[in-house]
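Position 1 is the first residue of the sequence, and the numbers go up from there. These numbers come from a predicted model, not from an experiment.
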Amino acid sequence: HAATNPQAWFYQRPITLQDHQNSRWIVEPVFRLLDCCQESDGGTAIIVTSVERARDLKQKPVKIVAAAQSHLMGGDIMFNFYRGDLIRHEEAFTMSKQLWDASGLRPSDMDVAILYENFTPVVLMSLEGHGFCKLGEAKDFIKDGNLEMDGMLPTNTNGGLLGEGYIHGMNNIQEGVRQVRGTAANQVEKVQFAYVGGGRSGMILGHV
């Protein structure tokens, strides 16, 4: 998706599976170079205000339907390898439960997902942790084309942090807003709800 986003680092530079497999190992057998986000200089601004005030602004307003955070007791880094089950991102499970309970919505109600991914495996952990597929099913969920623009859950339509730029996830929030507004470079049709997941934090965006 970054290859068709004019704002993305990889704009007009699509990556093939062969490109990925030919990139050098960073940590075997998990990360190759093209599994890692680049260092980026950039910025974005998000204005949060009341619905009443937002209606008077120039841009079409987008509603924060629900927002939540979840942190493990004693946890002080986003992803670590000092836990009992390395394939289960526990914070994502508990955080998303709060979102679903608060909003009354479910994963099947989401029209697009924008997921934090400083490294490729985080996408798989997030898809499972946020409830879009069951534990251990993410690889097949992706293989079946569900993350594509015409798939069940178009994901990281801006190219994500790996492909657009690593602005610490703020550009992912911006992409969620654009998808709901209908102004994204890679626009999904008729977006009612956008899920923006940051692993241990997240929000659901929708129309005012």
Side-chain angles (χ1 to χ4, degrees), residues 1-2 4-8 11 40 42-71 78 91-117 122-123 126-127 129-133 141 146-208:
H1 302 328
T4 51
N5 173 11
Q7 300 299 317
Y11 178 55
S40 303
T44 184
I46 309 275
I47 298 173
V48 181
T49 186
S50 66
V51 171
E52 292 74 17
R53 178 72 180 90
R55 288 196 177 105
D56 293 331
L57 300 178
K58 180 180 178 180
Q59 296 283 0
K60 181 180 178 181
V62 170
K63 182 180 180 180
I64 300 174
V65 177
Q69 286 189 341
S70 178
H71 299 270
M78 184 167 290
E91 296 97 319
F93 281 89
T94 53
M95 182 280 296
S96 59
K97 183 179 185 306
Q98 294 179 56
L99 282 182
W100 304 132
D101 290 347
S103 66
L105 299 169
R106 291 294 174 261
S108 58
D109 295 315
M110 299 300 107
D111 301 298
V112 62
I114 315 297
L115 303 177
Y116 186 101
E117 30 67 285
V122 176
V123 177
S126 295
L127 288 168
H130 298 314
F132 295 110
C133 57
F141 187 79
N146 288 303
L147 275 56
E148 302 300 324
M149 292 297 295
D150 59 352
M152 183 185 302
L153 185 72
T155 298
N156 291 2
T157 49
N158 58 340
L161 307 184
L162 287 168
E164 182 182 53
Y166 185 69
I167 316 297
H168 291 274
M170 295 301 292
N171 52 316
N172 278 1
I173 298 174
Q174 188 176 57
E175 176 67 7
V177 169
R178 287 173 173 159
Q179 285 291 343
V180 175
R181 280 182 178 159
T183 60
N186 298 316
Q187 183 62 48
V188 176
E189 292 186 13
K190 299 178 181 179
V191 173
Q192 184 175 5
F193 296 110
Y195 189 96
V196 182
R200 61 176 61 193
S201 62
M203 64 179 70
I204 297 172
L205 302 175
H207 294 282
V208 172

What donor-acceptor contacts under 3.5 angstrom involve side-chain atoms of residues 47-55, with partners at least two apart or in another chain?
residue	atom	partner	partner atom	Å
Ser50	OG	Arg53	N	3.1

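Smallest separation of non-hydrogen atoms from Val188 and Pro154: CG2-CB, 3.6 Å. When all heavy atoms of Ser40 and Ile167 are compared, the closest pair comes out as CB-CD1, 4.0 Å. For the residue pair Tyr116 and Ser126, the shortest heavy atom distance occurs at O-OG, 4.2 Å. Here the closest non-hydrogen pair linking Val65 and Gly206 is CG2-N, 3.7 Å. Heavy-atom minimum distance, Gly176 versus Ala194: O-CB, 3.9 Å. When every heavy atom of Asn5 is checked against every heavy atom of Ala185, the shortest pair comes out as OD1-CB, 3.7 Å.
Atoms CZ and CG, from Phe141 and Leu127 in turn, are 6.0 Å apart once rounded to the nearest 0.5 Å. Atom CZ of Phe193 is separated from atom NZ of Lys63 by 8.5 Å, given to the nearest 0.5 angstrom. Atom CD of Gln59 is separated from atom OG1 of Thr183 by 7.0 Å, given to the nearest 0.5 angstrom. Atom-to-atom distance recorded for Ser201:OG and Glu91:CD is 10.5 Å, nearest 0.5 angstrom. Atom CZ of Arg200 sits about 10.5 Å away from atom CE of Met95, to the nearest 0.5 Å.
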Quick one, Asn156 with Leu162, criterion side chain to side chain contact (heavy atoms under 4.5 Å, CB included). Give me CA distance, side-chain angles, the key distance, then yes/no. CA-CA 9 Å; Asn156 291 2; Leu162 287 168; over 6 Å; no
Run the side chain to side chain contact (heavy atoms under 4.5 Å, CB included) check on Ile204 and Met110 step by step: do they pass? CA-CA 9 Å; Ile204 297 172; Met110 299 300 107; 4.1 Å; yes
Asn158 vs Gln7, test: side chain to side chain contact (heavy atoms under 4.5 Å, CB included). Steps then yes/no. CA-CA 8 Å; Asn158 58 340; Gln7 300 299 317; over 6 Å; no
Using side-chain hydrogen bond (donor to acceptor under 3.5 Å, both in side chains), reason through Thr44 and Asn171 one step at a time and then give a plain yes or no. CA-CA 7 Å; Thr44 184; Asn171 52 316; over 6 Å; no
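Of the possible donor and acceptor atoms, one in the side chain of Glu117 sits under 3.5 Å from a partner among the backbone N and O of Leu161. Of the possible polar contacts, none joining the Asn146 side chain to the Leu153 backbone as a donor-acceptor pair under 3.5 Å is found. Side-chain atoms of His207 come within 3.5 Å of backbone N or O of Val191 as a donor-acceptor pair.
Residues passing the ring pair (Phe, Tyr, Trp, His ring centres under 6.0 Å) test with Tyr166 are His168, sequence neighbours excluded.
Tyr195 pairs with exactly one of Ile114, Val112, Leu205, Leu115 by the side chain to side chain contact (heavy atoms under 4.5 Å, CB included) rule, that one being Leu115. For the side chain to side chain donor-acceptor pair (under 3.5 Å) criterion with Thr157, the lone passing option out of Glu175, Glu164, Gln187, His1 is Glu175.
Listed by first then second residue, pairs satisfying side chain to side chain donor-acceptor pair (under 3.5 Å) with a partner in residues 93-111 read Ser70-Thr94, Lys97-Asp101, not counting sequence neighbours.
Counting non-hydrogen atoms of other residues, nucleotides and ligands closer than 6.0 Å to CE of Met152 gives a total of 12 or fewer.
You'll find the side chain of Ile173 reaches within 4.5 Å of the side chain of Met203, heavy atoms only.
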